[in-house]
Amino acid sequence: MVKIKSYVQAEDELEAILALLESGEELDMDIMEKKLKRATELIAFCRNRLREMDESLTEM
């Protein structure tokens, strides 16, 4: 998997996964499983990044 470098990258990739799932295109179960696992990683990254930013701003 590609290393997540930024919040924007993670958000863009999540949007692409969502668009694929919403497209109605029939997906192979193995591909769908990989996409959902990746989405979980991306969501965790975004949550952590937002928490870090909130803590940083709280300290100001």
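FYI, the numbering just counts along the sequence from 1.
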Enquirer: Can you find a heavy atom in the side chain of L42 that is under 4.5 Å from one in the side chain of Q9?
Expert: no
Enquirer: Supply the atom-to-atom distance E55 CD to M60 CE, rounded to the nearest 0.5 angstrom.
Expert: 14.5 Å
Enquirer: Evaluate the salt bridge (Lys or Arg N to Asp or Glu O under 4.0 Å) criterion for residues E33 and K37: first the C-alpha distance (whole Å), next the side-chain angles of each, then the deciding distance (0.1 Å), finally the verdict.
Expert: CA-CA 6 Å; E33 179 184 23; K37 284 183 180 181; 3.5 Å; yes
Enquirer: Between I17 and L36, does the side-chain contact (heavy atoms from CB on, under 4.5 Å) criterion hold? Intermediate values first, please.
Expert: CA-CA 8 Å; I17 292 170; L36 292 173; 5.6 Å; no
Enquirer: How long is the span from the CD atom in E13 to the CG atom in L18, to the nearest 0.5 Å?
Expert: 13.0 Å
Enquirer: For a quick test of reading the model, state the closest non-hydrogen atom pair linking L20 to E25 and the distance between them.
Expert: CD1-OE1, 3.9 Å
Enquirer: Any side-chain heavy atom of K35 within less than 4.5 Å of one from R38?
Expert: no
Enquirer: Would the distance check show the side chain of S56 and the main-chain N or O of E52 forming a donor-acceptor pair, the cut-off being under 3.5 Å?
Expert: no
Enquirer: Does D28 have any side-chain contact (heavy atoms from CB on, under 4.5 Å) partners at least two apart in sequence or in another chain, and if so, which?
Expert: D30, I31
Enquirer: For I43, enumerate each residue passing the side-chain contact (heavy atoms from CB on, under 4.5 Å) test, keeping only those at least two apart in sequence or located in another chain.
Expert: L14, R47
Enquirer: Over all heavy atoms of both residues, which pair between F45 and K5 is shortest? Give the atoms and the distance, please.
Expert: CZ-C, 4.5 Å
Enquirer: Where do R51 and D54 land on the side-chain contact (heavy atoms from CB on, under 4.5 Å) test, with the steps shown first?
Expert: CA-CA 5 Å; R51 188 183 68 249; D54 183 54; 5.6 Å; no
Enquirer: If you group Ile, Leu, Val, Met, Phe, Trp and Tyr by side-chain heavy-atom gaps below 4.5 Å, do L50 and V8 land in one group?
Expert: no
